[in-house]
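The structure under discussion appears below in the form of C-alpha cells.
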Amino acid sequence: MNKRNIIINSALLFSIAFLWQMTLHELGHFTAAILLHAKDVTLYHNYANYNSTGLSMSSMLIIVSAGPLFSLFIGALFHFLCSKYKKRNSFFLFLLYMSSFGYICFCGYLMIAPFFQNGDTGFVFHQLGFPIWLVFVFAGLGVAFVLMIGKWLGKYFAEMATAEIMNDKEQQNKFADVLIKYPLFIGVVITTLLNLPVVAFLSLLYPLGNPMNMFWIYGYVTDTTYATDNANKQFDKLEKNQPVLIGVFVLP
C-alpha cells in the first residue's frame, strides 16, 4: 500500500469537495437573495453578501435557510450518485466527500444553533421564537443524523480498499487512517487557510470544526466488517500520483 500517495490524493479530494460544497452552500443564499430581489447581492466562496434593506422577515428567513437546505440537497444528491456509481476510484471518492460535507454542513448548523443566533439555523430558530429547549432538540437531531450518515457512508469509504484489505481488520484500520484520518487533518489546515480572511467567526469555525464530524464515518469504517462485493478493483490507481487532482485544486 502506497500510503503517501493515498494520503495526498485523498487530502486533495477532501479539500476540493469541501471548497465546492461550501461555495454551493453560499450559492443557495445567493440564489434566494436574487430571487427575492435583495440589493447588492455578491457571491464569495465562503459567504454571500447582500443588502437586506426593504426585505420582509419572511424573505430573510428564506434567504438564510436556503444555504443549509441546499447543503442537505447536495448531501442527498451525491449520496444517490454514490449508490449508482460502480467504480471505486478517485471520482467516486470525490462524490463521497461531496455527500459527506453536504450532510455534515446541514447537521453542523443544527448542532450550533443553540449557541450562535447569528448562524443560519440559529437565526431562523430565534426569529421564529423557538424556545431554547426546542432548539436543543434540533441540535440533538443533528447529532443523531450525523451518526446515521456515518453508517450510510462508512461502507462506501471502506469499499475504496481491496477485498484483501477489507477482510483483514488490522489492514482495514490502517487503510482508514490513510484514506480518512490523515487527509482530514491536512484538509482542515488547507481549507482553513483558504478561508482567510473571514468576515465572521463562524466562517472560520466552519472549516476548522465541521469536518471533524468525519470521525463518525472513520469510526464506522474501523469498527465494522463490510461485505467485499463492491471492493476496489482499481486500487493501483488510487496509489498513483494524480497530477490532475492538483490541477483541479489549483485552477479555481
Side-chain angles (χ1 to χ4, degrees), residues 1-24 45-46 74-75 77-79 81-104 150 153-196 207-208 210-215 217-222 226 228-252:
M1 186 192 309
N2 191 324
K3 296 180 180 180
R4 185 193 64 181
N5 284 348
I6 295 174
I7 291 170
I8 292 172
N9 293 335
S10 186
L12 285 170
L13 288 165
F14 175 106
S15 302
I16 293 166
F18 186 89
L19 294 170
W20 280 31
Q21 191 287 138
M22 181 169 55
T23 303
L24 290 172
H45 77 280
N46 59 350
I74 291 167
L77 173 63
F78 281 88
H79 187 179
L81 293 175
C82 286
S83 71
K84 298 299 181 182
Y85 195 76
K86 300 304 181 184
K87 294 181 180 179
R88 298 298 182 255
N89 53 19
S90 294
F91 181 66
F92 178 80
L93 187 56
F94 168 75
L95 298 178
L96 196 46
Y97 272 131
M98 285 294 292
S99 178
S100 301
F101 292 138
Y103 283 139
I104 286 172
L153 301 183
K155 76 181 189 72
Y156 291 129
F157 278 97
E159 288 170 358
M160 289 297 298
T162 63
E164 181 182 3
I165 293 173
M166 293 178 70
N167 284 325
D168 185 322
K169 201 60 185 174
E170 182 179 353
Q171 288 297 313
Q172 182 173 312
N173 290 349
K174 289 181 179 179
F175 178 70
D177 286 345
V178 299
L179 186 75
I180 303 174
K181 185 170 72 173
Y182 301 141
L184 168 61
F185 295 139
I186 297 169
V188 164
V189 173
I190 292 172
T191 55
T192 300
L193 291 175
L194 290 176
N195 267 277
L196 298 174
L208 273 173
N210 225 27
M212 294 302 172
N213 286 295
M214 287 290 298
F215 273 114
I217 296 174
Y218 172 81
Y220 274 101
V221 174
T222 55
Y226 297 98
T228 60
D229 298 353
N230 295 315
N232 193 347
K233 298 177 177 61
Q234 299 176 312
F235 191 77
D236 59 317
K237 294 183 179 179
L238 184 64
E239 294 182 290
K240 292 180 179 178
N241 289 318
Q242 298 187 31
V244 67
L245 296 181
I246 298 175
V248 172
F249 176 71
V250 172
L251 283 178

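Basis for what follows: all heavy atoms, side chains included, without hydrogens, waters or symmetry-related copies. What you see is a predicted model; the values in this text were computed from it and never measured. We number each residue from 1, following the sequence as shown.
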[X]: what forms a ring pair (Phe, Tyr, Trp, His ring centres under 6.0 Å) with it, not counting sequence neighbours?
| X | answer |
| --- | --- |
| Phe92 | Tyr156 |
| Phe215 | Phe185, Tyr218 |
| Phe18 | Phe101, Tyr206 |
| Tyr182 | none |

### Message
Could you check whether any side-chain heavy atom of Leu95 comes within less than 4.5 Å of a side-chain heavy atom of Met98, counting everything from C-beta outward?
### Response
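A side-chain contact under 4.5 Å is absent here.
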### Message
When you compare the side chain of Leu193 with that of Leu196, does any pair of heavy atoms fall below 4.5 Å?
### Response
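Yes, their side chains come closer than 4.5 Å.
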### Message
For a quick test of reading the model, state the closest non-hydrogen atom pair linking Ser100 to Phe157 and the distance between them.
### Response
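In this case the closest contact between Ser100 and Phe157 is OG-CE1, 3.7 Å.
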### Task
Give the minimum heavy-atom separation between Val188 and Pro207, together with the two atoms involved.
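It is CG1-O, 3.7 Å.
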Side chain to side chain donor-acceptor pair (under 3.5 Å) with [X]: which residues, sequence neighbours excluded?
| X | result |
| --- | --- |
| Asn89 | Tyr85 |
| Asn195 | Asn46 |
| Glu159 | Arg88 |

### Message
For residues 165-193, which residue pairs pass the salt bridge (Lys or Arg N to Asp or Glu O under 4.0 Å) check, not counting sequence neighbours?
### Response
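Of all non-adjacent pairs touching residues 165-193, those that pass salt bridge (Lys or Arg N to Asp or Glu O under 4.0 Å) are Glu170-Lys174, Asp177-Lys181.
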### Query
Which pairs, with at least one residue in residues 7-16 and sequence neighbours excluded, count as a salt bridge (Lys or Arg N to Asp or Glu O under 4.0 Å)?
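Passing the test, one end in residues 7-16: no pairs.
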### Message
Holding to side-chain contact (heavy atoms from CB on, under 4.5 Å), I want the full list of residues that pass it with Tyr220, two or more places apart in sequence or in another chain.
### Response
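Only Lys151, Thr224, Tyr226 meet the side-chain contact (heavy atoms from CB on, under 4.5 Å) criterion with Tyr220.
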### Results of side-chain contact (heavy atoms from CB on, under 4.5 Å) for Glu164 - residues two or more places apart only
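If we apply the side-chain contact (heavy atoms from CB on, under 4.5 Å) test to Glu164, skipping adjacent residues, the hits are Thr162.
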Kindly say whether [Y] contributes a backbone atom to a donor-acceptor pair with the side chain of [X] at under 3.5 angstrom?
| X | Y | value |
| --- | --- | --- |
| Asn232 | Met160 | yes |
| Ser10 | Ile7 | no |
| Asn9 | Ile6 | no |

Pairs of donor and acceptor atoms involving the side chains of residues 238-245, under 3.5 Å and at least two apart or interchain, shall be tabulated with distances.
{"residue": "Glu239", "atom": "OE2", "partner": "Asn2", "partner atom": "N", "Å": "2.7"}
{"residue": "Gln242", "atom": "OE1", "partner": "Ser90", "partner atom": "OG", "Å": "2.9"}
{"residue": "Gln242", "atom": "NE2", "partner": "Ser90", "partner atom": "OG", "Å": "2.9"}
{"residue": "Gln242", "atom": "NE2", "partner": "Lys237", "partner atom": "O", "Å": "3.0"}

